[in-house]
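So you know, we letter chains A, B, ... as the sequences are listed, proteins then strands, and number each from 1.
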Protein chains: 4
Amino acid sequence: MNMSFLQELFTSITQRDALQRRLGAKKNHSDHHDLVAACEELLNSDGEAASIVLASRALEIYRGLSGDEKKAFFECLARQFAADPDAIDRAYRFYRKDRSNRNLATLFEVAEPRRQELLRRLNLAQGATYELVLMRQDFLTLMKEHPDFKPLNADFVHLFGSWFNRGFLVLKRIDWNTPAAILEKIIRYEAVHKIEGWEDLRRRLDARDRRCFGFFHPAIGDEPLIFVEVALTKGLPDRIQPILANDQYDIEDPVLADSAAFFGISNCQVGLRGISFGNFLIKQVVQELKQELPNLKNFVTLSPLPMFRDWLEKTYRQDPTQLTPEAQAALAQLDDPDWASDEARADQLNEVIRPLAARYLLKEKNSAGLPLNPVARFHLGNGAELHRINWLGDVSDHGMSQSAGLMVNYLYVIENIERNNEKFTSNGEIVCSSSVRELSRNGRKLFQGEPEK
Amino acid sequence: MNMSFLQELFTSITQRDALQRRLGAKKNHSDHHDLVAACEELLNSDGEAASIVLASRALEIYRGLSGDEKKAFFECLARQFAADPDAIDRAYRFYRKDRSNRNLATLFEVAEPRRQELLRRLNLAQGATYELVLMRQDFLTLMKEHPDFKPLNADFVHLFGSWFNRGFLVLKRIDWNTPAAILEKIIRYEAVHKIEGWEDLRRRLDARDRRCFGFFHPAIGDEPLIFVEVALTKGLPDRIQPILANDQYDIEDPVLADSAAFFGISNCQVGLRGISFGNFLIKQVVQELKQELPNLKNFVTLSPLPMFRDWLEKTYRQDPTQLTPEAQAALAQLDDPDWASDEARADQLNEVIRPLAARYLLKEKNSAGLPLNPVARFHLGNGAELHRINWLGDVSDHGMSQSAGLMVNYLYVIENIERNNEKFTSNGEIVCSSSVRELSRNGRKLFQGEPEK
Amino acid sequence: MNMSFLQELFTSITQRDALQRRLGAKKNHSDHHDLVAACEELLNSDGEAASIVLASRALEIYRGLSGDEKKAFFECLARQFAADPDAIDRAYRFYRKDRSNRNLATLFEVAEPRRQELLRRLNLAQGATYELVLMRQDFLTLMKEHPDFKPLNADFVHLFGSWFNRGFLVLKRIDWNTPAAILEKIIRYEAVHKIEGWEDLRRRLDARDRRCFGFFHPAIGDEPLIFVEVALTKGLPDRIQPILANDQYDIEDPVLADSAAFFGISNCQVGLRGISFGNFLIKQVVQELKQELPNLKNFVTLSPLPMFRDWLEKTYRQDPTQLTPEAQAALAQLDDPDWASDEARADQLNEVIRPLAARYLLKEKNSAGLPLNPVARFHLGNGAELHRINWLGDVSDHGMSQSAGLMVNYLYVIENIERNNEKFTSNGEIVCSSSVRELSRNGRKLFQGEPEK
Amino acid sequence: MNMSFLQELFTSITQRDALQRRLGAKKNHSDHHDLVAACEELLNSDGEAASIVLASRALEIYRGLSGDEKKAFFECLARQFAADPDAIDRAYRFYRKDRSNRNLATLFEVAEPRRQELLRRLNLAQGATYELVLMRQDFLTLMKEHPDFKPLNADFVHLFGSWFNRGFLVLKRIDWNTPAAILEKIIRYEAVHKIEGWEDLRRRLDARDRRCFGFFHPAIGDEPLIFVEVALTKGLPDRIQPILANDQYDIEDPVLADSAAFFGISNCQVGLRGISFGNFLIKQVVQELKQELPNLKNFVTLSPLPMFRDWLEKTYRQDPTQLTPEAQAALAQLDDPDWASDEARADQLNEVIRPLAARYLLKEKNSAGLPLNPVARFHLGNGAELHRINWLGDVSDHGMSQSAGLMVNYLYVIENIERNNEKFTSNGEIVCSSSVRELSRNGRKLFQGEPEK
């Protein structure tokens with residue numbers, strides 16, 4: 001499977017080289033007015049041959065723009081490239097009179113912002129899809145300060161949803177036989193547990209007890225969209241440090257593993273934010289792994305609990321009195337940066353923090369009624385079960401400061417995924433193990449006379 | 001390039017095998033009500049995992065439906081899966097009051113027929129893209145008798161336009177090293193000059209003086225979308241029979257060729273009608289050929305003149321008196337099926353038919369002001385020039401009855417393509433050689449005192 | 001695995017095209033004297049660059065020679081390109097005096113026929129390996145009438161043994177996704193049960209219940225060396241006709257099969273006769289199949305019994321009286337060409353022929369003490385067991401006239417292969433099932449008072 | 001071409017993984033007696049199935065041996081696995097009586113050391129070819145101290161010559177799209193100008209102005225045999241430091257280059273010493289480059305002059321008086337380690353050193369009458385011409401101490417290669433440019449009244 005990597009992805013080295021040369025070209029002296037003019041010309045063009053040339057030219061101008069010029073261009077897009085109000089009024093009048101499918105089709109057509117057709121036409125140029133992803137990356141940065149850009153975002157999302165639909169994604173194993181051009185991107189894009197360099201990467205891809213898979217898109221070539229790192233283990237792992245260590249091997253032969261632990265999922269393309277792949281990725285990777293290693297019994301994550309420490313701080317500092325004195329005393333230990341290395345203190349904290357984490361995961365919801373914690377939301381939304389909360393699972397500085405050292409196992413039980421997914425998305429129900437439930441019950445006792453919600 | 005054929009296209013034999021087994025499954029006993037119910041469930045589903053399963057189920061039911069049941073299903077789609085009128089009214093009221101981008105976005109969203117979201121969700125299933133292409137194939141057949149289905153067609157076109165945009169198409173050379181599974185489709189799909197079997201195909205792909213290229217789509221696998229057959233020749237060819245002959249070689253070594261003649265372009269997927277690829281195909285093939293064979297100077301078609309004979313019959317029979325007596329006498333020869341083998345008659349006809357063909361190509365327009373002849377419309381629309389009209393270029397029964405034996409060379413001059421394309425699409429101007437212009441002038445003299453339009 | 005077919009085998013289409021053009025070149029007017037001169041020059045050349053050119057030239061001359069000229073060339077090779085007797089005498093004298101390793105090495109070196117170095121140097125030319133295989137094919141034909149050519153044959157075998165050693169062979173699945181250029185060779189090379197054309201081939205490669213694998217050699221490109229056809233079945237098959245039938249499917253899904261039946265093994269390169277691949281092929285195919293289809297329990301052949309009918313005729317006609325009158329009467333039925341369709345006769349014959357076949361397989365030996373039957377010798381020599389003799393297993397004309405309609409199952413029991421192989425090769429012991437043993441015992445009773453040998 | 005890299009080389013990741021696991025296995029407790037016994041058993045084995053198992057076992061024992069045990073094993077090989085003297089005597093007697101081809105064949109056969117058949121049989125095991133290369137690597141180290149091992153070396157060379165003949169080598173471009181598993185070997189094996197790490201490698205492979213090609217062997221998988229590094233430049237380069245610098249680009253687009261400079265050729269497998277590939281490599285690389293970049297006019301090396309400084313020291317110190325006083329004075333500057341940075345001194349030295357280098361290259365010969373300098377011997381032997389001697393071409397410590405800072409351009413003029421090759425190999429004639437000849441003439445004047453040899 002891995003063997004056909006290059007074939008499927010690189011249509012031609014020459015093309016890529018050419019692209020890189022082009023991308024690296026010197027800034028031109030065009031401004032956003034030139035670009036807007038080029039876009040108008042592209043939209044007015046009748047012939048496809050001419051359109052391709054115009055699209056290439058427009059994208060070239062865009063690449064040469066400064067940040068300010070880009071902002072000005074997006075402003076124009078949002079304002080000038082909307083739909084024509086008169087056409088909408090007219091189409092609606094017809095539709096109002098005769099609610100025929102035909103009139104509806106016309107209304108739908110004229111209500112479409114011209115930006116969408118513009119983006120579709122820009123996509124005609126060679127290599128345009130990836131350049132539009134980069135354009136949205138610029139755009140998302142600017143949108144933070146310009147909420148009026150949002151309508152344009154909807155257009156990007158609409159089109160990217162079509163272009164990056166699941167059927168077009170290609171799952172590829174990434175290992176030490178993967179081209180270096182892709183591996184250096186894995187180093188760069190790893191978002192969960194930093195890869196320190198080529199030697200570190202080599203360990204992460206060691207065929208003995210690691211696997212890595214990514215989604216690629218044929219029109220984007222060797223740019224991964226998302227990838228997942230997997231550790232093959234005996235038993236469910238509860239700590240990340242042994243997995244990240246360069247010199248430790250739980251097993252020397254993958255056939256000895258009974259568990260596959262997903263310990264890092266990294267989205268690679270900022271410009272594709274909001275287009276979800278992770279769900280499909282995990283499911284396909286589970287299938288691949290089962291086929292390669294029939295001995296695997298458990299598919300589980302080893303996930304951080306980001307923002308838990310924040311939540312803890314807020315809850316604890318704002319109103320510590322809601323907790324029992326014992327709980328308050330225990331939590332006070334957190335102020336000491338070295339608490340983890342003091343066994344007694346750590347034990348004392350363990351009694352409080354894991355139960356609170358269980359409650360945090362099960363009870364704290366966002367406005368949509370889904371778990372506050374984004375990682376929980378993702379995996380539970382994919383049909384996983386909340387399986388275990390691991391004490392001192394990540395003792396790195398980052399792990400301590402984000403997750404209070406906890407790591408969570410979410411379990412993917414193949415035959416339950418669909419049912420769990422449905423329960424969760426329809427009424428927010430979280431499937432969890434009895435041990436987490438027990439922890440949560442214990443958590444209740446940490447509160448001063450608080451009745452269970 | 002050709003070497004990576006399989007790699008790029010077939011993600012896995014196993015998957016295809018599985019698909020074929022599934023496609024070949026026995027008919028189920030569901031009817032269109034079941035399918036509509038499954039579609040509603042799919043549209044109402046919240047979770048992606050569940051959606052994939054529901055989409056697969058819906059497509060499976062569809063595959064098992066009879067023709068009548070399919071018709072009933074499309075009727076439901078056209079009627080029940082439109083947009084919600086109340087939501088449109090409401091959104092329009094808001095937009096009317098405040099013509100903000102946001103209100104426009106809402107209007108656009110609610111005006112979208114639910115069918116589009118349904119098709120997008122169906123596309124989540126494994127292998128769904130191709131099954132939806134087959135669904136549209138069924139649909140187009142039924143639409144002929146049910147014009148009220150048309151709105152649904154617009155939805156197909158809208159989505160297919162996104163899914164099959166140019167950037168996702170992969171150009172592949174097709175030759176004797178191509179997998180048999182693809183070659184048998186080339187035999188089946190060849191639409192211009194029938195391929196009689198494997199031996200005939202072998203000649204068409206002979207590396208000495210033939211080339212063949214096709215567009216493929218990664219999500220459609222080994223199903224070609226369109227392909228073009230090329231003869232490498234010395235000089236521009238004027239007759240098709242020597243090219244189709246199994247035992248004739250104009251050259252034995254491709255480097256000796258100065259011309260590449262496109263003698264057959266076949267669309268393969270009825271379900272993709274209206275999504276144009278031919279334009280891009282020709283341009284990319286020209287690039288490939290120039291790279292492989294730098295000696296090539298001319299890129300030209302050897303094209304039929306379909307419907308010319310019909311036009312001739314109609315014009316001639318309805319009002320023969322508009323022609324000069326000599327022209328009338330000559331055309332009368334056409335009634336004799338063997339005229340081509342009688343040199344004197346053939347010469348007499350030549351004097352009349354080629355000039356008339358030149359006028360037919362240059363003067364006869366459809367309602368959009370473009371050439372009546374579809375092949376001319378296609379190549380001229382791609383930026384080609386009308387170069388030569390060849391007497392007795394196709395003496396097969398089909399060629400005689402369709403094109404009165406004529407074949408046309410359209411010339412692709414790389415540096416003029418864009419300009420020609422623009423002239424043609426903006427004001428219908430046809431670029432043609434002086435010889436064709438001369439022919440057309442001669443044609444004028446065949447008419448009884450008719451002043452030039 | 002199959003996906004990387006082209007990649008592994010064809011270094012470049014262009015190269016092959018060029019080769020074919022070269023191979024198809026017109027005959028030159030050189031004779032064997034020119035070739036011998038070119039060979040001498042090649043042997044005397046000091047530089048590698050020059051050697052490559054000289055080797056190419058020599059092979060080109062060879063290709064242009066007539067049959068008679070080739071014969072003359074081989075005569076020269078056998079006579080003039082032997083070792084130098086004086087050098088041998090000298091080296092032997094030294095070795096005789098001092099039996100050092102060094103003197104032995106010199107003796108070995110000078111005793112090597114110059115032909116071997118010549119063949120090695122010819123092999124420097126681009127594509128030479130395959131041309132030398134073709135040269136040996138010519139040679140073997142000529143050797144039949146010229147036993148004095150035999151020393152040259154030993155040189156070929158010596159070198160081919162090195163060049164085609166097992167580690168350099170690549171196993172490839174052959175199916176409908178295999179390039180047509182290879183498939184047409186499968187049609188041509190099938191030696192056991194003729195393939196009637198592309199439709200017939202398609203059935204033989206149907207992924208539902210057939211498999212086909214071949215050995216390829218990287219330097220020989222797309223020319224298969226040997227291939228085996230496999231039927232996936234429920235239970236061990238006893239008849240070949242249902243397997244060859246185009247429209248019968250034992251199973252529709254390969255996972256339902258419990259048995260893999262090897263029903264045809266074809267050597268493709270006459271020029272490689274005597275270099276054995278079949279043994280390795282079967283073993284690797286068994287491994288591939290087990291990996292793809294873990295449900296497979298039995299690996300078995302469905303083999304003809306060539307020359308059995310001949311043996312029967314000879315034994316029966318030369319001395320019918322050694323058989324019992326009943327056996328004689330039964331065998332007399334064989335003279336009627338339609339006996340197989342007459343149930344009574346067939347039954348009568350069954351009682352005689354299968355026991356005789358069992359004895360033929362178990363008792364009739366060649367001068368080396370191995371089974372007279374070559375197919376039995378091959379499979380038993382590979383470590384298979386003689387499992388079953390099937391009545392009316394091949395009712396084709398060829399099957400009736402060669403094997404008296406019988407087909408034999410040889411069973412490959414993975415864990416016994418080595419042990420069986422050793423028993424067989426060390427003392428000719430044949431491992432067989434109790435039913436075949438029983439048949440053989442019955443066979444004894446057909447003889448007039450003959451005591452068991 | 002590059003795209004099919006993995007496909008052609010790695011038959012399967014799994015196999016390699018398995019191999020690595022096996023190679024990494026713990027030492028067993030066998031000694032060389034066990035191995036010799038296993039080898040005898042292998043030689044005596046009749047069946048192929050059994051042979052494969054025995055070969056695997058023998059290689060496994062070998063891998064587990066200590067250095068001393070390996071030495072003992074090679075001693076046994078050299079002594080016990082020679083040919084049988086009695087058989088040789090007998091065969092010679094027959095041959096003496098009747099000098100037939102047949103008797104010669106027998107003599108040749110019995111004179112072959114049993115070691116050769118042993119090595120051939122060992123090569124039956126999966127992955128054995130590479131393990132035998134590693135075995136020879138061990139062997140070559142030991143042979144330095146044990147000249148009596150040499151006969152065994154001849155056997156290795158004999159067989160490796162067959163197994164690694166030119167037709168089986170596959171040329172592959174190596175670039176940033178090459179699998180990391182191969183790239184890390186490039187870093188490790190680079191022998192001329194050390195690669196400092198992945199970033200340095202990236203520069204060496206930059207598609208803008210660098211190329212790298214290697215030879216691979218299908219049975220050896222991803223282990224390169226030899227590779228060459230190429231710089232694309234405008235004009236012939238005379239200094240190595242700008243080429244090795246990470247941040248300098250002579251050109252940004254390869255099509256601008258008129259010259260391809262080979263600046264590093266590295267043999268990768270110690271165990272293949274004596275099997276020459278470099279000659280073929282350069283010629284094929286020149287072809288590849290010409291095809292990709294038709295603008296290239298010059299193919300040249302930028303080569304060190306190893307051992308020149310040594311030669312200079314010896315000649316200069318042993319007998320300085322043969323030089324003119326001026327030359328003596330100039331050469332004395334060499335003792336100052338910083339001479340290169342002092343322009344006056346450097347100029348003074350330039351006048352002496354380059355002429356002496358020209359004489360060194362043209363006049364100093366080894367016992368075979370070929371140039372003393374190994375790099376010159378290699379390139380001139382390949383048909384290159386001695387083109388230019390560059391002052392301060394390599395100012396690294398290594399370059400100064402080895403080559404007195406000089407670098408040499410050897411020019412490959414395609415149409416002269418064969419002729420040069422022949423001149424050089426037949427009578428040691430060196431083709432050189434007029435400027436080098438001029439330098440050499442100047443060199444003569446540096447000698448005290450020495451008449452030209």
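Contact of B/Asp155 with chain A is not made at all, since no heavy-atom distance falls under 4.5 Å. Looking at B/Ala105, neither its backbone nor its side chain comes within 4.5 Å of chain A, counting heavy atoms on both sides. For B/Leu169, no part lies near chain A; criterion is any non-hydrogen pair under 4.5 Å. With a 4.5 angstrom heavy-atom cutoff, B/Arg419 does not touch chain A via any of its atoms. For chain A, the nearby part of B/Tyr95 is the side chain; its heavy atoms alone come within less than 4.5 Å. Residue contact with chain B, scored on non-hydrogen atoms closer than 4.5 Å, involves the side chain of A/Phe280 exclusively. At a 4.5 Å heavy-atom cutoff, the contact between B/Ser162 and chain A is made by backbone and side-chain atoms alike. Only the side chain of B/Leu159 comes within less than 4.5 Å of a heavy atom in chain A; its backbone stays farther off. Contact of A/Pro113 with chain B is made through the side chain alone, with heavy-atom distances under 4.5 Å.
Classified by interplanar angle (parallel below 30°, tilted 30° to 60°, perpendicular above 60°), the ring pair A/Phe156/A/Phe139 is tilted. The aromatic rings of B/Phe149 and B/His146 lie parallel to each other, their planes meeting at an angle below 30°, with 60° marking the opposite boundary.
Of all heavy-atom pairs between A/Leu380 and A/Tyr410, the closest is CD2-CD2, 4.2 Å.
Not counting sequence neighbours, B/Arg79 has no partner by the salt bridge (Lys or Arg N to Asp or Glu O under 4.0 Å) test.
Counted within 6.0 Å of CD on B/Glu422, heavy atoms from surrounding residues, nucleotides or ligands total 12 or fewer; the atom is thus considered open. Heavy-atom neighbours of A/Lys290 NZ from other residues, nucleotides or ligands within 6.0 Å: at or below the threshold of 12.
When each of A/Asn382, A/Ile52, A/Asp148 is scored by its heavy-atom pairs under 4.5 Å with chain B, the top score falls to A/Ile52. No other option in A/Gln116, A/Arg102, A/Lys150 has as many heavy-atom pairs under 4.5 Å with chain B as A/Gln116. For chain A, the option among B/Leu152, B/Asn123, B/Leu107 with the highest count of heavy-atom pairs below 4.5 Å is B/Asn123. Looking only at heavy-atom pairs under 4.5 Å with chain B, the residue among A/Asn279, A/Asp89, A/Val110, A/Thr129 that has the most is A/Asp89.
Electrostatic pairing of A/Lys172 and A/Asp222 does not count as a salt bridge here, judged by no charged N lying under 4.0 Å from a carboxylate O.
Side-chain rings of B/His217 and B/Tyr130 stay apart, their centers remaining 6.0 Å or farther from each other.
A cation-pi geometry, defined here as NZ or CZ lying under 6.0 Å from the six-membered ring centre and within 45° of its normal, does not hold between B/Arg115 and B/Phe81.
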